[in-house]
Protein chains: 2
Amino acid sequence: MEQRRPTIADVAKRAGVSKGLVSFAFNDRPGVAAPTRERILAAAADLGWQPDLLARSLSTQRSAALGLVIRRDPTVLAADPFFPAFMAGVETTLGARQHVLLLSLVPDRAAEAAAYRTLTAQRRVDGVLLTDLRRGDERLALLAELALPAVCVGRPSEPTTAPVVNLDDAAGLRAAVDHLVELGHRRIGYVGGDVAMLHGLRRRTAFLEALARHGLEACGVVDTDFSAAAGAAATTSLLAGPVLPSAVVYASDPMAVAGVAVLQRRGLRVPQDCSVTGFDGMDLGAHLHPALTTVEADPVAWGSAAAAVLLRLLAEGHAEDVELPAAALVLRGSTGPPAPDLPPYPSPPPTEETPCPDAPTP
Amino acid sequence: MEQRRPTIADVAKRAGVSKGLVSFAFNDRPGVAAPTRERILAAAADLGWQPDLLARSLSTQRSAALGLVIRRDPTVLAADPFFPAFMAGVETTLGARQHVLLLSLVPDRAAEAAAYRTLTAQRRVDGVLLTDLRRGDERLALLAELALPAVCVGRPSEPTTAPVVNLDDAAGLRAAVDHLVELGHRRIGYVGGDVAMLHGLRRRTAFLEALARHGLEACGVVDTDFSAAAGAAATTSLLAGPVLPSAVVYASDPMAVAGVAVLQRRGLRVPQDCSVTGFDGMDLGAHLHPALTTVEADPVAWGSAAAAVLLRLLAEGHAEDVELPAAALVLRGSTGPPAPDLPPYPSPPPTEETPCPDAPTP
DNA sequence: CTGAAAGCGCTTACAG
DNA sequence: CTGAAAGCGCTTACAG
């Protein structure tokens with residue numbers, strides 16, 4: 001015969017107090033004398049009792065769960081080093097406390113909105129972590145409508161009441177451009193990510209601005225969906241231009257790796273004939289030949305900080321924004337000086353339509 | 001003033017019935033006349049009411065959530081293409097129903113056991129998906145003790161009451177060996193994964209058995225933790241042996257990719273001087289130079305099937321095992337015939353300690 | 001400081 | 001077929 005699970009009533013009886021007092025003792029509320037609290041805690045320990053979460057949730061109207069809704073294609077997601085690390089970071093923070101992570105992977109925008117609505121209607125989560133922020137992100141309005149607390153992972157395009165936990169990854173991209181220019185590169189192409197996502201857009205902007213600061217213009221810019229296949233296609237299209245870039249900056253590591261393969265298939269050596277930089281710091285990058293120069297953020301720290309801020313928001317009703325250390329450039333083998341025998345100017349003189357302008361005199 | 005959320009009492013009043021009947025109507029229980037049910041459903045729709053999950057959970061003692069506890073180092077996890085795809089598959093199945101996925105990432109065995117205990121004590125999940133099965137996995141006993149329903153993702157080492165959703169990935173490994181032998185390879189090395197995990201162990205066994213069926217022995221076997229770094233180190237150690245393998249079979253794609261880099265750094269060409277096969281079918285593999293010959297499973301289908309079986313187990317009290325299509329070999333550029341000028345036998349004659357035996361005459 | 005009671009919003013025997 | 005009531009196991013005013 002299975003032993004009945006003890007309830008708060010059992011603890012109260014054993015400690016010789018009322019149920020209410022047991023509850024007070026367990027929720028650290030004032031009004032329970034120290035010796036009484038000791039007695040209650042001891043009784044609970046004897047019985048192996050801990051508050052039933054379901055019952056508590058019904059009373060408090062809180063689920064003690066955090067939600068993360070990710071809208072990504074399974075294939076793209078599987079290749080993305082960000083989310084697993086981010087989630088591991090979230091767990092680092094949640095592990096100690098009593099909250100839990102609820103994950104939802106959705107295929108499209110409609111399913112995404114439905115997911116937030118259901119999560120709220122069923123009170124499955126107390127708040128959510130908002131990733132992959134988009135330009136004029138409609139989720140912000142949705143969450144406000146649903147009155148669902150949220151923290152933005154990355155700065156949204158418009159000011160919100162939701163606290164933001166930001167990590168400046170554009171800084172790393174600027175560093176990558178500076179590095180290439182210092183090496184002597186003047187014809188630098190860019191293979192970006194999804195510009196519908198703010199981080200995709202910001203990386204692109206950071207790239208163009210960094211170039212501009214050096215008085216340069218891009219030797220080709222292609223937007224993609226962050227996938228390796230798209231990175232390969234974009235590289236091919238860059239190579240089809242009238243002028244070969246001497247370096248290409250990629251907005252993700254998988255794209256950079258696929259790009260390197262395309263270059264090598266063309267018989268171009270990396271970095272001698274073309275330098276390449278990636279973005280994300282995926283573990284594998286360090287073990288490639290050549291190893292990938294890339295921009296590294298700390299997604300584990302990001303997840304951990306985001307969860308901490310959301311918890312604070314839930315507990316205190318508000319939370320300050322947090323700014324994490326910026327993403328940093330990691331130098332490895334895929335970047336080097338341009339070959340000395342590369343013509344300083346494009347061999348076919350550029351015309352108006354040419355994506356690659358002359359390198360202006362400094 | 002915010003509108004109060006409607007309750008079952010409101011619906012009952014509007015439909016002119018008792019609360020109990022509303023509950024019966026919503027739970028498809030017999031005993032409510034068709035016209036009455038219509039009236040109830042209409043009233044609920046008018047009010048925009050749906051049963052409160054928290055209240056229902058307290059009554060039914062079910063959380064309508066499935067748990068997935070993953071014990072992996074964040075870095076290793078981030079490089080692993082399996083879990084995101086697997087989770088996407090799980091979501092495919094859950095999306096339609098009312099269950100939800102609860103994720104827990106834990107660093108070690110103690111945290112893992114604690115996670116299952118807490119999940120059960122708090123009744124946060126109705127059942128769990130068991131991945132990364134280990135030899136004599138102690139979680140099976142733990143789950144039995146906790147009376148927590150579970151399904152095994154992959155066949156456990158010992159028979160269990162838990163249904164298993166299996167996908168024979170060893171089949172793909174055998175195919176890889178057959179392929180290499182057919183190409184003419186006789187000196188084949190192996191870089192395995194974590195043999196504490198059953199899939200790691202089984203791949204290794206499949207490799208050795210497949211070789212044996214061809215009358216061959218392994219030209220070096222190294223176990224690792226599945227990480228790219230370990231794959232690189234293992235490759236280096238294989239190359240330090242008295243005999244160079246003409247092909248290396250890897251138990252994961254990241255290791256294979258890192259291995260290719262090590263070979264290339266040594267000035268060896270892939271596949272001319274050494275063929276390489278991977279395992280997982282990570283998206284990036286198709287976009288490498290050379291593209292990676294690998295063994296592909298379908299983790300999305302696996303996740304989807306596992307979730308479906310767990311749901312069935314919860315609903316009906318039992319569920320049949322499911323066998324998914326086996327993993328298949330995908331031929332790409334990293335495998336080819338051994339160079340004709342490779343000596344048929346190791347240049348330094350093998351001694352007793354040599355990891356690479358002579359190729360026996362067929 | 002402490003107790004008795006209502007309430008969270010459902011589900012489920014038990015009567016009719 | 002239907003209604004009235006107890007119960008799930010907590011939390012939280014409200015009295016004392």
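Per chain, numbering begins at 1; letters A, B, ... match sequence-line order.
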I need the [atom1]-[atom2] distance between [X] and [N], as an integer number of Å.
| X | N | atom1 | atom2 | value |
| --- | --- | --- | --- | --- |
| B:Asp10 | C:dG9 | CG | P | 10 Å |
| B:Leu53 | D:dC8 | CG | C1' | 14 Å |
| A:Lys13 | D:dG9 | NZ | P | 14 Å |

Per nearest nucleotide of DNA chain D, the residue lying toward the 5' end, B:Ala34 or B:Leu58, is B:Ala34
Could you spell out the base pairing of DNA chain C as a dot-bracket line? Use Watson-Crick and G-U wobble contacts where both distances are under 3.5 Å, [ ] for crossing pairs, | for partners on a different strand.
|||.||||||||.|||
Please list all pairs meeting ring pair (Phe, Tyr, Trp, His ring centres under 6.0 Å) that have one or both residues in [range], counting only residues at least two apart or in different chains.
| range | result |
| --- | --- |
| residues 299-318 of chain B | B:Phe82-B:Trp302 |
| residues 122-145 of chain B | none |
| residues 117-144 of chain B | none |

Go through the steps for B:Glu112 and B:Arg134 under the test salt bridge (charged side-chain N to carboxylate O under 4.0 Å, His left out), then give the verdict.
CA-CA 13 Å; B:Glu112 181 185 60; B:Arg134 303 185 288 262; 2.8 Å; yes
At 4.0 Å (heavy atoms only), tell me whether A:Ser57 reaches a base, stays on the sugar-phosphate, or touches nothing.
nothing
For nucleotides 10-16 of chain C, 5' to 3', base contacts (B), sugar-phosphate-only contacts (S) and non-contacts (-) with protein non-hydrogen atoms under 4.0 Å give BBB----
Would you mind listing every side-chain hydrogen bond (donor to acceptor under 3.5 Å, both in side chains) that reaches into residues 51-60 of chain B, with sequence neighbours excluded?
A:Arg123-B:Asp52, B:Asn27-B:Arg56
Excluding sequence neighbours, so at least two apart, what forms side chain to side chain contact (heavy atoms under 4.5 Å, CB included) with B:Leu58?
A:Leu54, A:Ala55, A:Leu58
So, using side chain to side chain contact (heavy atoms under 4.5 Å, CB included) as the criterion, who are the partners of A:Leu41 when residues are at least two apart?
A:Phe26, A:Arg37
According to side chain to side chain donor-acceptor pair (under 3.5 Å), who are the partners of B:Ser63, at least two apart in sequence or on a separate chain?
B:Asp126
